Peer 1: 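Dropping the structure in here first, questions after.
The structure displayed is predicted, hence computed values, not measured ones. Basis for what follows: all heavy atoms, side chains included, without hydrogens, waters or symmetry-related copies.
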Amino acid sequence: MARYVATDRPGECEFAVTVDDARQRTGGAGLLMLTLSETARARGYKTMEGKVLRRNPKMLKFDRQLG
């Protein structure tokens, strides 16, 4: 699942991605983020933010790969 929601700042949204344990490391999260960011961009958003817990190394690595 991937979603975004507008923040109170113009042109900015916050995103969330979750992938079932059985589907991790299949490339699905990357495809979800690609689609999500393209959709948000098409709707006028310029910036996406997401909060990641320090104790979630998989998501931290994923975020680094996204840039």
Peer 1: Take V52 and F62 through the side chain to side chain contact (heavy atoms under 4.5 Å, CB included) test and state the conclusion after the steps.
Peer 2: CA-CA 10 Å; V52 180; F62 178 68; over 6 Å; no

Peer 1: Mind checking the CZ-OG1 spacing from R41 to T47? Nearest 0.5 Å is all I need.
Peer 2: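 R41 CZ to T47 OG1: 10.5 Å, rounded to 0.5 Å.
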
Peer 1: Determine the minimum heavy-atom distance between A29 and V19, stating which atoms define it.
Peer 2: CB-CG2, 3.7 Å

Peer 1: Side-chain contact test, heavy atoms from C-beta onward, threshold under 4.5 Å: evaluate it for K51 versus E14 and give yes or no.
Peer 2: yes

Peer 1: Please check if the side chain of S37 supplies one atom and the backbone of L34 the other of a donor-acceptor pair under 3.5 Å.
Peer 2: yes

Peer 1: Would you say the side chain of V5 lies within less than 4.5 Å of the side chain of F15, judging by non-hydrogen atoms?
Peer 2: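 Side-chain contact under 4.5 Å: no.
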
Peer 1: Can you name the closest pair of heavy atoms from Y4 and M48 and give their distance?
Peer 2: CB-CE, 4.0 Å

Peer 1: Does the side chain of V17 reach to within under 4.5 Å of the side chain of M33, using non-hydrogen atoms?
Peer 2: yes

Peer 1: With the side chain counted from C-beta on, respond yes when L53 and M59 share a heavy-atom pair under 4.5 Å apart, and no when they do not.
Peer 2: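 No, their side chains stay 4.5 Å or more apart.
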
Peer 1: If only atom types and distance count, is the side chain of T18 paired as donor or acceptor with the main-chain N or O of M1 below 3.5 Å?
Peer 2: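 Not a single qualifying donor-acceptor pair exists.
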
Peer 1: Between E38 and R43 (salt bridge meaning N to carboxylate O under 4.0 Å), is one present in this structure?
Peer 2: no

